[in-house]
Structures are given as C-alpha cells and as structure tokens.
Amino acid sequence: MPIQILMPALSPTMTEGTLAKWLKAEGSAVEPGDVLAEIETDKATMEVEAIEEGTMGRHLVAEGTENVAVNTPIALLLTDSEDVSALDQSPSPVPDVALASATPTQAPAEPRGALPTPALDTDEERFFAATQIQTVREALRDAMAEEMRKDELVYVMGEEVGEYQGAYKITQGLLQEFGDKRVIDTPITEHGFVGLAVGAAFGSLKPIIEFMTFNFSMQAIDQIINSAAKTLYMSGGQMGCPIVFRGPNGAASRVAAQHSQDYTSWYAHCPGLKVVAPWSAADAKGLLKSAIRDPNPVIFLENEVLYGQSFEVPTDSDFTVPIGRAKVVRPGADVTVTAFSIMVGKALEAAEMLAGEGIDAEVIDLRSIRPLDVDAIVRSVEKTNRIVSVEEGWPTCGVGSEIAALMMERAFDHLDAPVARIAGEDVPMPYAANLEQLALPQPESIVAAAKSVCYRE
Amino acid sequence: MAKPATRAASRRPIARKGAKAKRGMNRPSPTREELINFYRDMLLIRRFEEKAGQMYGMGLIGGFCHLYIGQEAVVVGMQAAINEASTVVTSYRDHGHMLACGMESRGVMAELTGRVGGYSKGKGGSMHMFSREKNFFGGHGIVAAQVPIGTGLAFGHKYKGEDAVCLTYLGDGAANQGQVYESFNMASLWKLPCIYVIENNKYAMGTAVSRGTAGTSLAERGAAYGIVGEEIDGMDVVAVKAAGEKAVAYASSGKGPYILEMKTYRYRGHSMSDPAKYRTKDEVNRMRQEHDPIDNVKARLAEAGVSDDELKAIDRDIRATVTEAADFAQSSPEPDPSELYTDILIEA
C-alpha cells in the first residue's frame with residue numbers, strides 16, 4: 001500500500017500553505033532525507049523531507065497550488081515492493097513527513113476568508129465604502145508604512161524587523177522601502193533597546209518597538225512602566241513619550257507557559273499607558289495608525305493566530321480608528337458578550353450557536369482596554385440586562401473582573417443576572433494539546449455562560 | 001604564533017590614567033574667567049545642597065534626598081565641555097546636574113518642597129525633575145534606568161543629524177546593572193554620540209566598590225565593546241573639563257561612545273537617612289581637607305591673582321540666590337488638588 005505524504009505545518013499556527021515546487025518527479029527514487037518539495041506560507045519557505053525510502057508514485061497536488069490545508073495528502077510514495085498499480089489501492093494513512101509532527105489539533109477558530117462588514121455605530125463607517133480584502137499581517141504593515149511615509153520621525157526597531165523581514169513578517173518590505181536608518185535590527189536585548197527607544201521618544205522621535213512576543217516585554221517592564229508611562233506625570237507634563245510597543249500577545253499554539261501569556265490586564269492596570277487589542281484587520285490598521293500618531297505610550301497587543309486571517313479593510317489611507325471606542329460587531333437583544341482580540345471570533349461563533357437556541361447575543365469588540373469604552377458596554381447592558389465578559393488571560397484581577405466591578409457601579413439597576421466571566425484557566429499554559437485546549441476559553445463555555453445569565457439550561 | 005596578550009598590554013589602549021596621559025602634555029591652563037565660573041557654579045551647588053540638607057532636617061523636604069556635596073567638580077567640568085544642543089541625563093542624585101545645566105535654584109528647591117513652583121509642579125520631587133528648555137532629561141529614580149535612556153537621546157541626535165552629544169551620568173553602583181552593558185553594546189555598534197560619565201564616589205549606598213564590583217576599574221567596563229575609557233580625577237574641575245572636551249570631540253566625530261570614570265567622593269550620606277557606618281570619619285575628613293574641589297579652584301584663583309574680596313562677593317551672591325530659593329520653596333503653594341489628575345496622558 002503506498003504511503004501518503006501529507007501537507008506539513010511549518011509552525012504551530014500554520015493552517016495552510018502553498019505547494020511551491022516539486023523536487024522529486026513522479027517515478028524518481030526517494031531516499032530518507034531527500035527534499036521532496038518546497039512549501040511556502042506568508043511567513044516562510046521550507047523544504048519537505050522524506051523519512052521513508054521508495055519511489056515517488058504520484059503528485060496529488062500540483063506545483064503552485066495555494067491554500068493547501070495542513071494534513072492534506074499531497075503525494076503517494078511507493079515502497080520497494082510496489083509498482084504503479086498500487087497507486088490506485090487505498091493508501092496507508094501513515095504520514096511520511098517528519099515536519100508534520102506539530103499539526104494543530106484545533107481547527108482555526110475564526111471562519112477563513114473575508115468576514116462580512118460588521119454593523120457600525122461610529123463615523124468609521126463611511127470609510128467602508130471602498131475596501132479591500134487584507135490579512136491582519138498586511139494591514140499592520142500598511143499602517144506602519146503609511147505613517148512612516150508621512151512622518152520622518154517614525155521608525156521601527158526590534159529583533160529581526162529588518163533583514164529577516166519580521167519574525168512573523170509584519171515588517172515585510174519596510175527595510176527595502178525605508179532603509180536601515182529607520183528599520184533597525186536590534187541585538188537580543190529587550191531591556192536595553194526599550195530603554196533606548198524611550199530615550200529617543202523623550203528626544204522627540206516616534207519609535208515603534210516590536211516585541212517578538214509580549215512575553216519578552218517582561219525583560220523591559222521597568223522601562224515601559226517606570227520610564228515610559230510615569231515620566232510625563234513626574235515631570236509636570238514636560239516629558240511626553242510618543243512610542244508604540246507592539247507584537248503578538250497571548251497564546252499562539254503549543255508554545256507553553258513562557259510564550260503564551262496574555263498581558264492585557266497587566267498593562268491596562270497602569271496609568272500613563274494606552275492599551276489596545278484589535279481583532280479585525282481593519283481595526284488593526286486603524287488603531288495602529290492612531291497609536292503611532294498618539295503622543296503617549298501605547299501598548300498594541302496583536303495575536304499570532306489572527307495574523308493570517310483576512311477581513312475587509314478600508315483603502316483610504318486617512319482611515320483610522322480612535323483609541324478608546326468599542327464596536328458592536330453583532331447586534332443582539334438578549335445578552336451582551338464583551339471580548340477583545342482573538343476572543344471576538346470565539347464570541348461570534350458562540351453567538352451563532354446561541355442563535356440556534358433562540359438566544360440573540362450582542363457581541364462587543366472592546367478594541368481598547370485602556371481607556372475602556374464603558375459607555376458602550378453600559379448602553380448594551382441597558383438593552384440586554386445581561387452580560388458575559390470573555391478574555392483569554394487569567395481570571396484574577398483580569399479585564400473581566402474590572403468589567404464586573406464597573407457594571408456594579410454603572411449598570412446595577414439594569415442587570416437581571418450576575419455578571420459572568422469567561423477567562424483562561426488559572427494555570428500556566430500547558431504544552432499538551434488537550435490541556436492547552438482546556439486552558440483556553442472555547443465557544444462552548446461562552447455559550448454556557450450566556451445561557452446561564454439568561455436562566456436557560 | 002599569536003602571543004597571548006598580557007593584561008597590561010591589552011589594557012593600554014582602552015584605559016589611560018588621567019595623570020599618565022597628562023605627563024607629556026602641557027597642564028591645561030584655564031583662563032581667570034573660566035576659573036571664576038567654575039568656582040561660582042560649584043559653590044552654588046555646595047550652598048544649595050547644604051540648604052537642602054537643613055530644610056530636610058526641618059521637615060520641609062520629604063521622601064528621599066540625595067546630596068551632591070563633594071562631587072561638584074564632575075558636573076561643572078563636564079557641562080563646560082558641551083555645546084547648547086547637547087543633552088544631559090542622570091540618576092536621582094541630580095540637584096547638582098540641574099543647577100549646572102542652568103536650571104533655576106528656586107524651581108529645583110520648590111520641587112524638593114513639593115510645591116507648584118517646582119520644575120515638576122511638585123509631582124516629581126528630588127529624584128524626578130526635568131527641563132526640556134535646558135536639555136536636562138532627568139532625574140531618574142531607578143538605578144541605571146537613565147543609561148539606556150541617555151543612549152536613546154544620543155540615538156536621536158544621530159538620527160536627526162544634530163551636532164550634539166548626550167552626557168549620560170551613572171554611579172559606581174549603577175555600573176553593575178545589566179542594562180548598562182546592553183546600552184554599551186548598542187552605543188558602540190551604532191556609533192552613538194554618548195558619553196558615559198561614571199561618577200565613582202566609592203560607595204553604592206553603603207557598599208564599597210571593592211565589595212560590590214569584580215574588577216574595580218570602571219573605565220575598562222566598555223573594553224569588551226571597544227569603548228574607550230579613561231579614569232579622571234573627578235575632584236579637579238580643570239581635569240574634568242579637559243577630559244570632557246576630548247570625549248566630546250571623539251563622540252561628535254562619529255567614532256562612537258566614550259567612558260569617563262570620575263574618581264570622586266560624596267561627603268554626605270547616600271541619602272539623608274544614612275547610618276554612616278560603612279566608612280570612617282577620618283576618611284571623609286581627609287577627602288574634605290586634601291581633595292576638596294572648591295578649595296582646589298580657590299587655590300588656583302589665588303595663584304591667578306583673584307582677591308579674597310572678589311571671592312567673598314561671589315559667596316554673598318550665591319548665599320542670596322540660595323536664600324531666595326529657600327524662601328520661594330516655602331512660599332510657593334502646594335499644587336492644586338486638580339493637579340492630581342493632570343499630566344497622566346497628553347491629549348491626543
């Protein structure tokens with residue numbers, strides 16, 4: 001029985017890729033270690049190596065095919081004893097690709113492809129008259145490039161942002177357009193380069209600092225809080241610090257406790273900072289442009305899993321999203337669900353499931369966590385009288401804790417049920433796929449919480 | 001076969017003792033006017049700090065208060081070596097630096113008393129004061145945090161093509177923080193016009209350099225990054241200025257950062273609540289009597305023929321300035337309660 005060769009995953013978050021090139025023609029002999037094919041994603045190119053010996057029987061996916069899902073059979077390998085006639089037998093299910101070991105166990109949380117334009121309740125709406133489909137990755141890059149074209153004082157600095165084109169390819173092409181004076185590869189030295197950038201911002205430059213992940217921002221936390229956030233106050237208003245700290249935050253997939261933390265509530269705790277965490281590509285672009293123009297330090301929390309997801313994005317380069325304004329991404333009457341970043345997608349999935357059970361959920365994408373658009377939440381709760389807060393981070397002193405307290409203060413008389421919180425489990429992120437799944441909020445748990453505040457079982 | 005470099009041989013190009021370097025050269029000879037300015041600037045710091053110490057004792061100044069008495073020659077000499085576009089940043093022992101940068105005594109003193117007339121409107125205190133106008137960028141309370149910040153100011157000078165350097169001051173204690181070396185690495189890599197002035201007053205709080213620092217030449221701390229370092233007599237303002245000019249010329253020419261280790265001494269405690277158990281009174285007295293930076297300039301002034309009367313007139317002026325500052329610091333009102341919620345963010 002021929003061996004199936006499956007489309008491998010190059011990274012923990014890869015869900016699909018392009019089969020760029022076959023390097024073993026049909027009929028050619030294959031030794032273990034031979035390169036069979038090249039595959040590409042928007043992040044990287046990689047070779048697929050054989051681990052079994054045999055003969056390349058049949059290419060199931062042609063060269064140049066895009067959007068090949070991980071684990072799709074791409075070829076059949078004949079073992080020594082087999083001839084071509086074996087290709088038409090049912091193949092062995094054993095994958096022949098060593099690289100495929102890190103196959104994601106989770107289906108992508110959000111629907112692929114473009115999402116419908118959500119209902120808008122702000123003046124952002126007019127920009128959606130002309131849109132294009134972009135990934136979050138492209139939108140972030142465009143935001144930086146547009147602002148760098150406008151303002152010579154804006155520059156990008158971080159590990160691998162230049163020649164490598166960004167560890168997650170967010171800065172792709174920026175070095176080529178703006179040169180190494182403005183796209184600066186740093187040594188691996190977070191405490192040092194963050195302090196340096198804060199000093200540059202005090203000296204009126206406008207740095208965009210990329211953290212390879214916000215987990216590494218802990219190396220630099222003193223400079224972010226004590227220097228960037230507090231100095232304006234301590235100087236009686238003299239020392240503005242126009243700086244953006246951006247990068248992926250929260251869990252990606254299977255990278256365990258030291259690379260999976262959600263820092264939203266940590267940063268949101270601190271006066272002197274603004275904190276945003278967009279979900280859609282349009283918001284990623286509009287908020288990043290606002291963050292770069294903002295005269296204050298802004299923590300811009302991205303999500304690795306969202307980078308490759310596509311949305312409609314306004315084409316007008318004047319499009320921005322104001323910091324501090326939430327957005328109703330799904331109107332509803334029965335229960336309010338607040339979420340931000342990747343959890344917006346999970347909340348929308350949950351809302352669809354609830355709709356099937358006759359519960360009409362309103363989903364609010366908070367977008368900004370500090371300042372938080374409390375008015376928007378209160379307006380919704382006045383209508384629905386019920387609220388579920390969803391976040392990926394830990395529950396203790398989390399964003400949901402804050403929302404619960406705010407609802408006590410601002411919407412107590414409108415609540416028909418106690419505020420429900422959905423959060424990541426109160427544990428360091430486990431590596432094992434099943435445990436990781438258990439540690440992260442899932443649509444099912446949001447559904448259960450929504451039903452509970454609606455007193456439905 | 002490559003010869004293993006001896007310690008002495010490898011050290012020579014990196015650290016040159018100030019005294020040794022001077023041997024072959026003419027001793028720098030400051031003008032009369034320059035000496036008078038040194039005297040005035042150092043005496044202002046001395047009298048200001050003495051007054052601050054008194055006012056602390058009277059409960060008019062709160063929190064932490066780190067006096068600069070004894071170290072005056074370092075900032076006064078360095079300030080004389082830079083141009084107007086250059087920037088200065090330091091730690092929390094910062095009163096002297098601010099006065100040397102030309103910030104007003106009354107504004108500094110009123111900040112110490114937490115009044116609205118202070119440089120930070122009373123919201124920063126002794127350790128956190130700034131003046132963009134005078135290119136003084138703080139006043140930072142976390143040991144060594146100012147080192148990457150100063151490196152970033154130098155980065156900005158280079159980015160904007162300015163003819164300026166950043167003087168980044170740090171103490172011997174700060175020289176053991178990791179971010180100093182992260183900064184050295186980037187400053188040297190990118191040839192930033194940053195001069196690291198290490199004020200080695202021999203004690204990191206109460207820990208003598210020899211008890212806290214392996215390898216006690218701080219001038220050599222940049223050697224691994226190819227940064228030139230020199231050890232200077234920080235009690236001699238003339239030597240400080242000469243070293244400063246050399247470092248400024250080097251850094252401004254695009255060659256990158258420079259380290260000056262200033263051998264200096266603080267007469268007072270680390271802060272006002274210092275137990276004074278870690279060094280002897282004799283040691284302090286010997287430094288005051290034999291190495292005082294102000295006495296040093298006074299002697300030069302006498303050699304230059306400046307009369308006692310002229311110096312006394314300067315003393316009187318300075319006492320008047322400091323008295324006026326102290327009065328202002330007590331009469332300026334406390335910040336309005338509404339100031340509690342201002343200056344947290346700039347309105348976008």
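All heavy atoms count here, side chains included; hydrogens, waters and symmetry mates do not.
Scanning for side chain to side chain contact (heavy atoms under 4.5 Å, CB included) contacts around A:Ala201 gives A:Pro207, A:Cys241, A:Pro242, A:Ile243, with sequence neighbours left out. B:Ala326 pairs by the side chain to side chain contact (heavy atoms under 4.5 Å, CB included) definition with B:Lys51, B:Met55, B:Gln330, not counting sequence neighbours. Taking B:Ala247 as the reference, B:Ile195, B:Tyr258, B:Leu260 meet the side chain to side chain contact (heavy atoms under 4.5 Å, CB included) condition, with sequence neighbours excluded.
Atom-to-atom distance recorded for B:Leu345:CG and A:Leu273:CG is 8.5 Å, nearest 0.5 angstrom. The distance from the CG atom of B:Leu153 to the CZ atom of A:Phe202 is 8.5 Å, given to the nearest 0.5 Å.
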Are B:Phe130 and A:Leu232 close enough, and set up right, to give a side-chain contact (heavy atoms from CB on, under 4.5 Å), and what steps lead you there?
CA-CA 10 Å; B:Phe130 309 83; A:Leu232 182 70; over 6 Å; no

Let me see the working for A:Leu196 and B:Leu192 under side-chain contact (heavy atoms from CB on, under 4.5 Å), right down to the final yes or no.
CA-CA 11 Å; A:Leu196 187 151; B:Leu192 303 181; 4.2 Å; yes

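Heavy atoms of other residues, nucleotides or ligands lying less than 6.0 angstrom from CG of B:Leu189 number more than 12.
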Chain B to chain A donor-acceptor contacts, backbone plus side chain, under 3.5 Å:
unit_1, atom_1, unit_2, atom_2, d
B:Tyr119, O, A:Gln238, NE2, 3.1
B:Ser120, OG, A:Met234, O, 2.7
B:Phe130, O, A:Gln238, NE2, 2.9
B:Arg132, N, A:Gln238, OE1, 3.1
B:Arg132, NE, A:Gln238, O, 2.7
B:Arg132, NH1, A:Phe202, O, 2.9
B:Arg132, NH2, A:Phe202, O, 2.8
B:Ala145, O, A:Gln223, NE2, 3.0
B:Tyr159, O, A:Lys181, NZ, 2.9
B:Tyr159, OH, A:Glu152, O, 2.6
B:Tyr159, OH, A:Arg182, NE, 3.3
B:Lys160, NZ, A:Gly203, O, 2.5
B:Lys160, NZ, A:Ser204, OG, 3.1
B:Gln179, OE1, A:His191, NE2, 2.9
B:Gln179, OE1, A:Gln223, NE2, 3.0
B:Glu182, OE1, A:Thr189, OG1, 2.5
B:Glu182, OE1, A:Gly192, N, 2.6
B:Leu340, O, A:Tyr233, OH, 2.9
B:Asp343, O, A:Tyr233, N, 3.2
B:Ile346, N, A:Asn296, OD1, 2.7
B:Ile346, O, A:Asn296, ND2, 2.7

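Contacts of B:Ile346 with chain A are made by both backbone and side-chain atoms, with heavy-atom separations under 4.5 Å. Looking at B:Met186, the atoms closer than 4.5 Å to chain A (heavy atoms on both sides) all sit in the side chain, from C-beta outward.
If you tally non-hydrogen atom pairs under 4.5 Å between each of A:Pro271, A:Pro295, A:Gly203 and chain B, the highest count goes to A:Pro295.
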